> 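One structure, as structure tokens, below. Some questions next.
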Amino acid sequence: MNRIAPMLAPAGPAVDFSQDTIWISVIKAVAIMVFLLISVLFALWFERRLIGRFQQRLGPNVRGPFGLVQSIPDALKLVLKEDITVKGADKLIYIMAPVISVFCAFMVFAVIPFGPEVRIPFTDLVTPLQLTDLPVAVLYILGITGLGVYGIVLGGWSSGSTYPLLGSVRSTAQVISYELGMGLALVSVFIVSGSMSTSQIVSSQQQLWWSIALLPAFVVYILSMLGETNRLPFDLPEAEGELVGGFQTEYSSMKFAWFYLAEYINMLNVSAIATTVFMGGWRAPWPLSAINDGMFNEGWWPLLWFLIKLWGFMFFFVWVRATLLRFRYDQFMHFGWKVLIPVALAWVVAVAVVQGVRQFSGIDLQTILFVLAGLLVLLALVMFFIPEKGAKDKAGGAGSRALTGAGTPTIEPKKDEYFDAFAGGFPVPPLPGQQLPPSKRRARVTTPAAPETDEENSDG
Amino acid sequence: MTNPYIPILIMGGLALLLGVGGLAASAVIGPKRYNKVKVDAYECGIQPTPHAVGMGRFPIKYYLVAMTFIIFDIEVVFLYPWAVAFSELAVFGLVAMMGFLFLITVPFVYEWRRGGLDWD
């Protein structure tokens with residue numbers, strides 16, 4: 001026990017909460033909730049406004065300056081709407097589900113550090129800008145996110161309707177699949193920072209942000225973050241073309257509002273986790289952090305950097321939504337299980353081995369990285385000399401290979417084969433090489449005309 | 001505050017209060033106009049097929065994902081304490097964990113090759 005105790009010490013929080021009385025905690029908790037509610041109202045405006053800009057239109061611009069208060073009447077409207085409970089619903093669970101969703105969404109910010117220790121104005125109290133911190137803070141976050149899935153699955157299940165059920169099982173499969181990628185991406189951060197406490201992870205990024213040092217983990221996290229929050233291009237649970245509204249189809253009024261609120265708070269949650277774990281948390285970005293002995297890393301300044309980073313991620317969410325199309329469900333699951341998870345696993349192994357060699361054998365990081373780079377170059381050279389699989393088979397068709405590129409397999413054209421587009425009962429396009437029989441209508445139109453002008457004639 | 005979990009309870013209490021309070025507010029403020037069609041399950045303009053809660057069908061694939069998830073989630077949960085105590089557990093921990101990861105990877109590859117991760 002004595003041997004272990006001093007070793008476990010650095011894994012705990014890096015800030016001191018001993019001065020916090022219960023009232024300070026209550027004030028902080030209320031402040032966080034108000035912050036989240038205002039942020040969601042702002043996020044609604046932010047998203048609509050930005051999407052408008054991306055699509056060459058104005059977006060909301062009537063209520064308040066730049067349409068800023070547009071979200072408030074929108075939110076009030078939901079309270080004033082009729083609360084419908086569908087006939088086939090399992091009443092208790094149907095009502096509980098949105099509360100579970102919103103409850104879990106609010107709980108994550110309890111361990112997010114907004115800043116270092118500050119002195120509360122007009123008093124002598126020094127307290128961290130963080131509600132609380134646990135030695136297992138990130139595990140707690142993942143646990144709460146996992147509980148949040150219950151809101152979705154129970155909401156869809158208890159509606160007693162087809163679309164919500166399908167939406168909820170889809171959403172559950174999606175969230176749990178991408179939670180794995182997310183969880184694995186975080187492992188490498190714990191290895192290098194030696195802690196799960198959020199404040200300790202932030203203080204371990206004094207020299208270098210983990211988003212730079214552990215770039216692959218960061219990329220995996222960013223991608224799973226989109227899947228985790230059911231946002232485009234991964235918004236399959238709400239794919240309105242297929243599932244109407246997904247798990248929230250049968251919900252109205254405040255119950256719907258809670259699901260909606262939970263979705264936006266979850267966006268803020270994952271952005272805040274990304275900020276804390278990968279982007280240095282409340283720490284000022286590099287050139288600023290060097291000014292005047294880290295003046296910008298003290299007092300109330302860090303709150304500003306935290307918010308800038310947080311809204312940077314929120315902007316990324318909107319940007320992705322405006323840019324990318326929705327995935328198909330099989331592509332989505334394929335991406336999660338066959339790309340993100342293996343990459344994340346391989347990265348964990350790589351970080352563990354590099355860190356292990358560095359810590360336990362005394363070789364410094366630079367040497368290891370040089371050796372690894374050498375190995376990679378060697379591997380690339382070897383790959384270069386191994387002939388491509390199946391290259392011999394294609395040797396005959398050199399001309400077609402030049403057209404299609406060396407990597408793509410070419411299908412031999414079957415000119416004489418008759419292609420029946422309606423063979424399966426519905427029309428299918430011809431495969432490469434297959435040709436459609438000439439259309440009867442086209443033959444009828446072009447027969448009297450001269451061959452070189454048939455394009456114009458057939459249109460008229 | 002010596003116990004770091006008390007603020008979490010406070011936060012939870014407030015969140016629950018807000019959640020339940022919002023529903024109560026809408027139940028009190030919102031109008032109530034009964035309409036037989038309004039409380040029917042949603043269907044695209046036709047009579048909904050009645051089915052009890054939880055009796056709807058969905059593909060078995062989701063169970064497969066859930067089972068695979070459990071295995072991997074346990075793996076992730078085991079990785080966390082090891083990652084935090086990485087320096088203390090030293091070479092023994094590293095080797096043991098790599099062995100564990102290998103043991104998880106073998107069935108993963110098996111499931112992949114047998115098409116357990118395909119959606120068609």
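Quick caveat: nothing in here was measured; it's all calculated off a predicted structure. Each chain gets a letter, A, B and so on, in the order its sequence line appears, and its residues count up from 1.
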> Among Gly356(A), Pro342(A), Ala110(A), Gly183(A), which residue has the highest count of heavy-atom pairs closer than 4.5 Å to chain B?
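Ranked by contacts with chain B, first place is Gly183(A).
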> Identify each donor-acceptor pair in which a side-chain atom of residues 254-261 of chain A lies under 3.5 Å from a protein atom, sequence neighbours left out, and give them as a table.
residue   : atom : partner  : partner atom : Å
Lys255(A) : NZ   : Asp83(A) : OD1          : 2.9
Trp258(A) : NE1  : Gly19(B) : O            : 2.8

> Of all residues at least two apart in sequence or in a different chain, which pass the salt bridge (Lys or Arg N to Asp or Glu O under 4.0 Å) check with Glu111(B)?
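For Glu111(B) there are no salt bridge (Lys or Arg N to Asp or Glu O under 4.0 Å) partners, ignoring immediate neighbours.
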> If I measure from the heavy atoms of chain B, does Tyr94(A) come under 4.5 Å with its side chain, its backbone, both, or neither?
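Answer is neither: Tyr94(A) stays 4.5 Å or more from chain B.
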> Is Thr85(A) close to chain B through its backbone or its side chain, or both, or neither, when contacts mean heavy atoms under 4.5 Å?
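Contact with chain B involves the backbone of Thr85(A) alone.
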> Taking every heavy-atom pair that is under 4.5 Å apart, which of Val86(A), Val169(A), Val99(A) has the most such pairs with chain B?
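Highest number of pairs under 4.5 Å: Val169(A).
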> On a heavy-atom basis, which atom in Phe72(B) and which in Trp337(A) lie closest, and how many Å separate them?
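For Phe72(B) versus Trp337(A), the nearest heavy atoms are CD1-CZ3, 4.1 Å.
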> Please look at Leu345(A) and chain B and tell me whether the side chain, the backbone, both or neither of the residue comes under 4.5 angstrom of a heavy atom of that chain.
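Leu345(A) touches chain B through side-chain heavy atoms alone.
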> Ignoring hydrogens, what is the shortest heavy-atom contact between Glu82(A) and Arg33(B)? Give both atom names and the distance.
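Looking at all heavy atoms of both residues, the closest pair is OE2-N, 3.3 Å.
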> Does any N or O in the side chain of Tyr80(B) come within less than 3.5 Å of the main-chain N or O of Val136(A), such that one atom is a donor and the other an acceptor?
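Not at all, since once roles are kept as given, no pair shorter than 3.5 Å links the two residues.
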> Where on Met11(B) is there a heavy atom nearer than 4.5 Å to chain A: the side chain, the backbone, both, or neither?
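Both parts, backbone and side chain.
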> Which atoms of Ile104(B) are under 4.5 Å from chain A, going by heavy atoms: the side chain, the backbone, both sets, or neither?
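Looking at Ile104(B), nothing touches chain A.
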> Would a 4.5 Å heavy-atom cut-off, applied to side chains only, mark Tyr140(A) and Tyr5(B) as touching?
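No, side chains not in contact.
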> Identify which part of Leu94(B) has an atom lying under 4.5 Å from any heavy atom of chain A, answering side chain, backbone, both or neither.
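The side chain, not the backbone.
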> Could you check if a side-chain atom of Ser177(A) sits within less than 4.5 angstrom of a side-chain atom of Val65(B), using non-hydrogen atoms only?
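Yes. Closest side-chain heavy atoms under 4.5 Å.
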> With a 4.5 Å cut-off on side-chain heavy atoms, are Met97(B) and Val349(A) touching?
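No; the side chains remain at least 4.5 Å from each other.
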> Report which part of Gln331(A) has an atom under 4.5 Å of a heavy atom belonging to chain B: side chain, backbone, both, or neither.
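The answer is neither part of Gln331(A).
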> What part of Leu101(B) is in contact with chain A, defined as an atom under 4.5 angstrom from a non-hydrogen atom: side chain, backbone, both or neither?
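The side chain, not the backbone.
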> Mind ranking Ile29(B), Thr105(B), Val91(B) by heavy-atom pairs under 4.5 Å with chain A and telling me who comes out on top?
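Among Ile29(B), Thr105(B), Val91(B), the one with the most close pairs to chain A is Val91(B).
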> Identify the two heavy atoms, one from Asp73(B) and one from Leu180(A), that lie closest to each other, and give their separation to 0.1 Å.
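Closest pair (atom of Asp73(B), atom of Leu180(A), distance): N-CD2, 3.5 Å.
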> Shorter than 4.5 Å, heavy atoms on both sides: which option in Gly12(B), Gly13(B), Ala27(B), Ala25(B) has the most such pairs with chain A?
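With the most close heavy-atom pairs to chain A, the winner is Gly12(B).
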> Measuring heavy-atom distances to chain B, does Val79(A) have an atom under 4.5 Å in its side chain, in its backbone, in both, or in neither?
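Interface part for Val79(A): both.
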> Output the option from Glu250(A), Met33(A), Met333(A), Lys338(A) having the highest count of non-hydrogen pairs under 4.5 Å with chain B.
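Maximum pair count with chain B is reached by Lys338(A).
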> Looking at every heavy atom in both Ile10(B) and Ala29(A), which two are closest together, and how far apart are they?
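That closest heavy-atom pairing would be CG2-CB, 4.1 Å.
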> Write out, in numerical order, the residues from residues 101-108 of chain A with a heavy atom short of 4.5 Å from a heavy atom in chain B.
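Near chain B, by residue number: Val102(A), Phe103(A), Phe106(A), Met107(A).
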> With a 4.5 angstrom heavy-atom cut-off, which part of Lys81(A) approaches chain B: side chain, backbone, both or neither?
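Interface part for Lys81(A): backbone (N, CA, C, O).
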> Is it the side chain or the backbone of Tyr62(B) that comes within 4.5 Å of chain A heavy atoms, both, or neither?
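Tyr62(B) touches chain A through side-chain heavy atoms alone.
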> Are any non-hydrogen side-chain atoms of Leu117(B) and His334(A) less than 4.5 angstrom apart?
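Counting from C-beta outward, Leu117(B) and His334(A) never come under 4.5 Å.
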> Tell me whether Leu76(A) at atom CG has more than 12 heavy atoms from other residues, nucleotides or ligands lying less than 6.0 Å away.
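More than 12 within 6.0 Å, yes.
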> Go through Gly93(B), Gly22(B), Pro81(B), Ala66(B) and name the one with the most non-hydrogen pairs under 4.5 angstrom from chain A.
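Between Gly93(B), Gly22(B), Pro81(B), Ala66(B), the count favours Gly22(B).
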> If you count heavy-atom pairs under 4.5 Å with chain B, which of Ile84(A), Ile191(A), Val189(A) comes out on top?
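Among Ile84(A), Ile191(A), Val189(A), the one with the most close pairs to chain B is Ile191(A).
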> Checking heavy atoms, do the side chain of Leu142(A), its backbone, both or neither come under 4.5 Å from chain B?
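It is the side chain, since no backbone atom gets that close.
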> Apply salt bridge (Lys or Arg N to Asp or Glu O under 4.0 Å) to Arg328(A) and list each qualifying residue two or more places apart in sequence or on a separate chain.
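Salt bridge (Lys or Arg N to Asp or Glu O under 4.0 Å) check on Arg328(A) returns Asp330(A).
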> Tell me whether the count of non-hydrogen atoms from other residues, nucleotides or ligands lying under 6.0 Å of CZ in Phe78(B) goes above 12.
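Count not over threshold, so no.
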> Is the side chain of Thr132(A) donor-acceptor paired with the backbone N or O of Pro4(B) at a distance under 3.5 Å, no angle test?
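Pair found, side chain donor or acceptor close to backbone of Pro4(B).
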> With a 4.5 angstrom heavy-atom cut-off, which part of Ile341(A) approaches chain B: side chain, backbone, both or neither?
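Contact with chain B is through the side chain of Ile341(A) alone.
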> Applying side-chain contact (heavy atoms from CB on, under 4.5 Å), run through Ile8(B) and Leu131(A) and close with a yes or a no.
CA-CA 8 Å; Ile8(B) 285 183; Leu131(A) 178 59; 5.7 Å; no
> So which heavy atom on Pro31(B) is nearest to which on Leu80(A), and how close?
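Closest heavy-atom pair between Pro31(B) and Leu80(A): CD-O, 3.1 Å.
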